[in-house]
Amino acid sequence: MLDPQLLRKKPEDTARILKTRNCDLDVARLQTLEERRKALQVRTEQLRNLRNTRSKAIGAAKAAGGDADALMAEVKELGGELEQCESRLNGVREEFTAIARQIPNLPHDTVPRGTDESDNREERRWGCEKKAARKDFTPVDHAALGAALGMMDPKAAAALAGARFVVLSGALARLHRALAHFMLDLHTGEHGYTEVMTPFIVNSDTLYGTGQLPKFADDQFQLAGERGFYLIPTAEVPLTNLVKDRIVAAAELPMHLVAHTPCFRREAGAHGKDTRGMIRQHQFEKVELVHITRPQDSWDTLELLTGHAEAVLQRLELPYRVVTLCTGDMGFSAAKTYDLEVWLPGQNRYREISSCSNCGDFQARRMRARWRNPDGGPEYLHTLNGSGVAVGRALVAVMENFQNADGTVTIPDVLRPHMNGEERIKPG
RNA sequence: GGAGAGGUGGCUGAGCGGUCUAAAGCGGCGGUCUUGAAAACCGCAGGGGGCGUUGCCCUCCGGGGGUUCGAAUCCCUCCCUCUCCGCCA
C-alpha cells in the first residue's frame with residue numbers, strides 16, 4: 001500500500017507516476033472522498049467526545065445519589081446522530097482503502113519506463129564464451145532429454161493430477177534435490193542467511209501483507225473449507241510476513257532469510273503458454289531469499305541480494321543476463337526489479353530464473369511491520385525478496401546447458417558432492 | 001475428537017458495568033548519591049489517527065458483532081494459547 005498521505009496530499013503527481021505502470025487513478029473520486037472523510041471524522045470525534053463527557057456526568061450524578069434521567073435522555077439522542085456519522089465515515093473509509101489497496105507500488109527513479117518486456121533494460125551478461133563453445137551439435141530441449149533418459153514423465157503426472165505437473169525419477173529427481181541443497185548451503189554458508197522452514201499454507205491476511213490479495217486471488221490455490229487457507233505461491237509470503245504486526249528492535253536488523261519451499265500457482269492467465277516441459281508448473285520448488293532492512297539500507301541491499309542470486313548461476317556455470325524490468329512489466333509490490341534470465345539452448349533464448357525486488361515500505365505498510373528508529377519513533381521497514389533460485393528452472397537450465405551429443409547430461413562440479421560423486425546422468 | 005482453563009501495556013499480573021485518565025511488580029530511560037558501578041531514592045515512559053498542531057481531541061484490553069446513557073468488565077461468534085483424556089506420523 002502507498003502512503004495514504006501521498007494520495008491525499010499529492011493525488012495528481014501520484015497518478016502521473018502510476019500511469020507508467022498501466023494504473024489509472026481516479027483523482028477526482030479520491031479528492032471527493034477525502035473531503036467527506038475530513039468533515040465526517042471531525043464531526044464524529046466531536047460527538048464521541050460529547051458522549052464520553054456526558055456519560056461520565058451520569059456516573060457522577062448517580063454516585064452522588066442524584067437524578068440522571070434528563071442527562072440519559074440527552075445522551076441517548078446524541079447516540080443516534082453519532083451512529084449515523086460513524087456509519088457514513090466507515091463507508092467513505094472503506095471506499096478509500098478499497099481503491100488504495102489495488103494501487104501498485106511506485107517505481108524507483110532508475111526504473112526504465114515502458115509497457116512490456118520489450119522495454120526492459122539489459123544490464124549485463126555472464127558466461128557468453130561458454131555458451132558459444134557449445135555449438136558443436138544441435139541441442140535439444142529438456143523435455144526431450146528427460147524423456148530419452150526415462151526420468152521425466154509428464155504423462156504420469158497428468159494421470160495423477162492433471163496438466164502442468166511432472167514426475168521426476170532416478171538421477172534426475174536426485175539432481176533436483178542436489179540443486180536445492182547446493183543453493184541452501186551456499187546462502188547459509190557463504191552469504192550469511194538464516195535458514196527458515198515455514199508453513200506452506202497461510203491465511204488471507206498473510207497473502208494480503210505481501211500484496212497477492214486482494215488483486216491476484218485468481219493466481220492462488222485456495223483450500224476448501226471456512227478457514228480461508230491458501231497454498232503459498234512463493235516463500236516470499238511466509239518469510240516476509242514474519243515481521244507482520246511487529247515493531248522490531250534496531251539490533252535485529254538487517255534480517256537475511258532463506259527458505260526452500262514448494263510453490264503453488266494457478267497460472268490462470270497462462271493458458272497455452274509454456275505447455276511443453278517443466279518451465280511453467282502448478283507446483284515447483286524454489287529457494288527464496290528475503291531481506292528485512294532499515295529504510296536507508298534497502299537500495300544497497302537490492303544489489304547485494306541480486307549478487308547472491310547471480311552467484312548460484314555462476315557456480316553452476318550457467319550463462320545468464322541481468323535485466324531491469326520496465327515500469328509496465330514489474331510486479332505489484334516492487335519499486336524496482338532485476339530479473340536473472342538463464343540461457344536455455346533448447347529454446348535458444350533467455351528465460352527468467354530469478355526475480356529480485358526491492359518493495360520499499362509498500363509491503364511493510366500492508367503488514368504494519370515497523371522498527372524502532374533510535375532517532376525517532378516507529379518507522380516502516382523495507383522488504384526485499386529474490387529467488388535464489390527457482391529449482392525447477394535450474395534443473396531445466398542444467399540439463400540443456402550440460403547436455404552431450406549422446407543424450408547424457410554432465411553434472412556440474414558443484415553438484416557432484418550431492419550426487420555421490422557421479423559425473424554424468426545416463427539413461428537407465 | 002471429548003472435557004476444562006485462559007487471551008489486559010516490552011514482560012508478569014490485578015481489574016469483572018460509571019474518576020480505568022488501566023493498580024502493582026519486573027525490565028527500560030533520565031536524575032540524585034558515588035572515584036566508578038551496584039543498591040537506595042526521585043522522576044519519565046505505549047501504538048494508531050484527526051484538527052484550528054507551544055496544544056486539544058478520538059481510538060486501541062485477541063478479531064468481529066451485540067446489549068447499555070455508558071463495556072477491559074455482560075451476551076453471541078470466530079481465532080489463538082494452555083491442561084487432561086482419546087487418536088495419530
Side-chain angles (χ1 to χ4, degrees), chain A residues 1-9 30-98 100-101 197-209 213-214 222-230 238 241-253 262 361-381:
Chain A
M1 188 137 104
L2 298 180
D3 184 352
Q5 296 300 343
L6 214 54
L7 298 174
R8 284 177 181 156
K9 306 266 165 68
L30 280 178
Q31 278 166 340
T32 305
L33 288 171
E34 172 57 7
E35 276 168 35
R36 284 189 198 160
R37 193 226 93 228
K38 201 178 223 173
L40 281 168
Q41 183 165 347
V42 168
R43 182 69 189 140
T44 301
E45 290 185 0
Q46 276 174 354
L47 287 168
R48 276 207 276 249
N49 179 239
L50 210 54
R51 184 200 59 189
N52 291 348
T53 51
R54 287 289 196 280
S55 289
K56 270 176 195 165
I58 293 171
K62 286 196 166 182
D67 178 30
D69 289 356
L71 267 173
M72 282 167 64
E74 187 194 343
V75 178
K76 183 159 196 172
E77 196 171 328
L78 209 132
E81 193 190 346
L82 176 60
E83 206 171 315
Q84 210 177 11
C85 272
E86 278 178 336
S87 91
R88 286 173 65 200
L89 178 60
N90 285 340
V92 169
R93 279 188 171 149
E94 272 164 33
E95 186 175 344
F96 187 91
T97 52
R101 61 176 35 171
M197 186 273 176
T198 73
F200 306 150
I201 295 173
V202 295
N203 60 35
S204 57
D205 194 43
T206 300
L207 276 172
Y208 172 76
L213 291 181
Q222 183 167 16
L223 269 46
E226 304 298 308
R227 297 285 295 278
F229 280 147
Y230 292 82
N241 276 283
L242 250 21
V243 290
K244 179 173 75 171
D245 273 316
R246 289 187 57 202
I247 302 178
V248 308
E252 286 186 67
L253 300 172
D361 63 8
F362 186 85
Q363 294 178 321
R365 188 168 276 111
R366 293 169 86 96
M367 294 189 296
R368 299 163 302 277
R370 292 161 293 168
W371 73 299
R372 205 168 287 282
N373 186 338
D375 301 330
E379 195 175 32
Y380 285 115
L381 291 160

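Each chain gets a letter, A, B and so on, in the order the sequences are listed, and its residues count up from 1.
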Whole-Å C1' distance, B/C76 and B/G27: 39 Å
In whole angstrom, give me the gap between the P atoms of B/G13 and B/A37. 34 Å
Taking the six-membered ring of A/F96 as reference, does the NZ or CZ atom of A/R8 fall below 6.0 Å from its centre and within a 45° cone about the axis? yes
By nearest heavy atom, map A/I58 and A/N52 onto RNA chain B; which one lands nearer the 5' end? A/N52
Sugar-phosphate, base or nothing in reach of A/R246, heavy atoms under 4.0 Å: nothing
Interatomic distance at P, B/C78 relative to B/A3, whole Å: 14 Å
Any side-chain donor paired with an acceptor under 3.5 Å for A/N52 and A/S55? no
Reported CD-to-CD distance for the pair A/Q84 and A/E86, which is rounded to 0.5 angstrom: 11.5 Å
For B/C69 versus B/A5, give the span between their P atoms, rounded off to a whole number of Å. 32 Å
Categorize A/R370 for me: base, sugar-phosphate, or nothing, with a 4.0 angstrom heavy-atom threshold over every strand shown. sugar-phosphate
Closer than 3.5 angstrom, by distance alone: can the side chain of A/N241 be matched with the main-chain N or O of A/T206 as a donor-acceptor pair? yes
With the threshold set at under 4.0 Å for non-hydrogen atoms, list the residues of residues 76-91 of chain A touching RNA chain B in residue-number order. A/K76
For RNA chain B, the dot-bracket notation using Watson-Crick and G-U wobble pairs below 3.5 Å, [ ] for pseudoknot-type crossings and | for other-strand pairs, is ((((((((.[[[..)..(.....]]].(((((.......))))).((((((...)))))).[[[[[..)....]]]]])))))))....
With a 4.0 Å cut-off (strictly under) to non-hydrogen atoms of chain A, the first and last hit nts on RNA chain B, 5' to 3', are B/G18 to B/C80
side-chain contact (heavy atoms from CB on, under 4.5 Å) between A/M1 and A/Y208, intermediate numbers included: CA-CA 10 Å; A/M1 188 137 104; A/Y208 172 76; 4.0 Å; yes
Please report the distance separating the C1' of B/G4 from the corresponding atom of B/G25, rounded so that it comes out in whole Å. 30 Å
Classify the nucleic acid contact of A/R368 as base, sugar-phosphate or nothing, counting any heavy atom under 4.0 Å across all strands shown. nothing
What's the gap between B/C56 and B/U21 when it is taken at their C1' atoms, as a whole Å value? 15 Å
For the P atoms, the ones on B/U8 and on B/G64, what distance do you get once it is rounded to whole angstrom? 16 Å
For A/R8, which contact category applies under a 4.0 Å heavy-atom criterion: base, sugar-phosphate, or nothing? sugar-phosphate
Return whichever of A/R93 or A/M72 has its heavy-atom-nearest nucleotide of RNA chain B closer to the 5' end. A/R93
How far does the P atom of B/G43 sit from the matching atom of B/C58, given to the nearest Å? 28 Å
Just do the side-chain contact (heavy atoms from CB on, under 4.5 Å) check on A/T44 and A/L82 with the steps written out, would you? CA-CA 6 Å; A/T44 301; A/L82 176 60; 3.9 Å; yes
Assess the side chains of A/R43 and A/Q46: does a donor N or O sit below 3.5 Å from an acceptor N or O? yes
Testing the 3.5 Å rule here: is there a donor-acceptor pair between the side chains of A/E35 and A/Q31? no
May I ask you to test the A/L71-A/E74 pair for a side-chain heavy-atom distance under 4.5 Å? yes
Under the side-chain contact (heavy atoms from CB on, under 4.5 Å) criterion, do A/K244 and A/D205 qualify, and how do the steps go? CA-CA 10 Å; A/K244 179 173 75 171; A/D205 194 43; 3.1 Å; yes
For A/K38, report the nucleic acid contact type (base, sugar-phosphate, nothing); a contact means any heavy atom under 4.0 Å. sugar-phosphate
For the pair A/R246 and A/E252, evaluate salt bridge (charged side-chain N to carboxylate O under 4.0 Å, His left out) and give the outcome as yes or no after the intermediate values. CA-CA 12 Å; A/R246 289 187 57 202; A/E252 286 186 67; 3.1 Å; yes
Can you check whether A/R37's main-chain N or O pairs, donor with acceptor, with A/R93's side chain at less than 3.5 Å? no
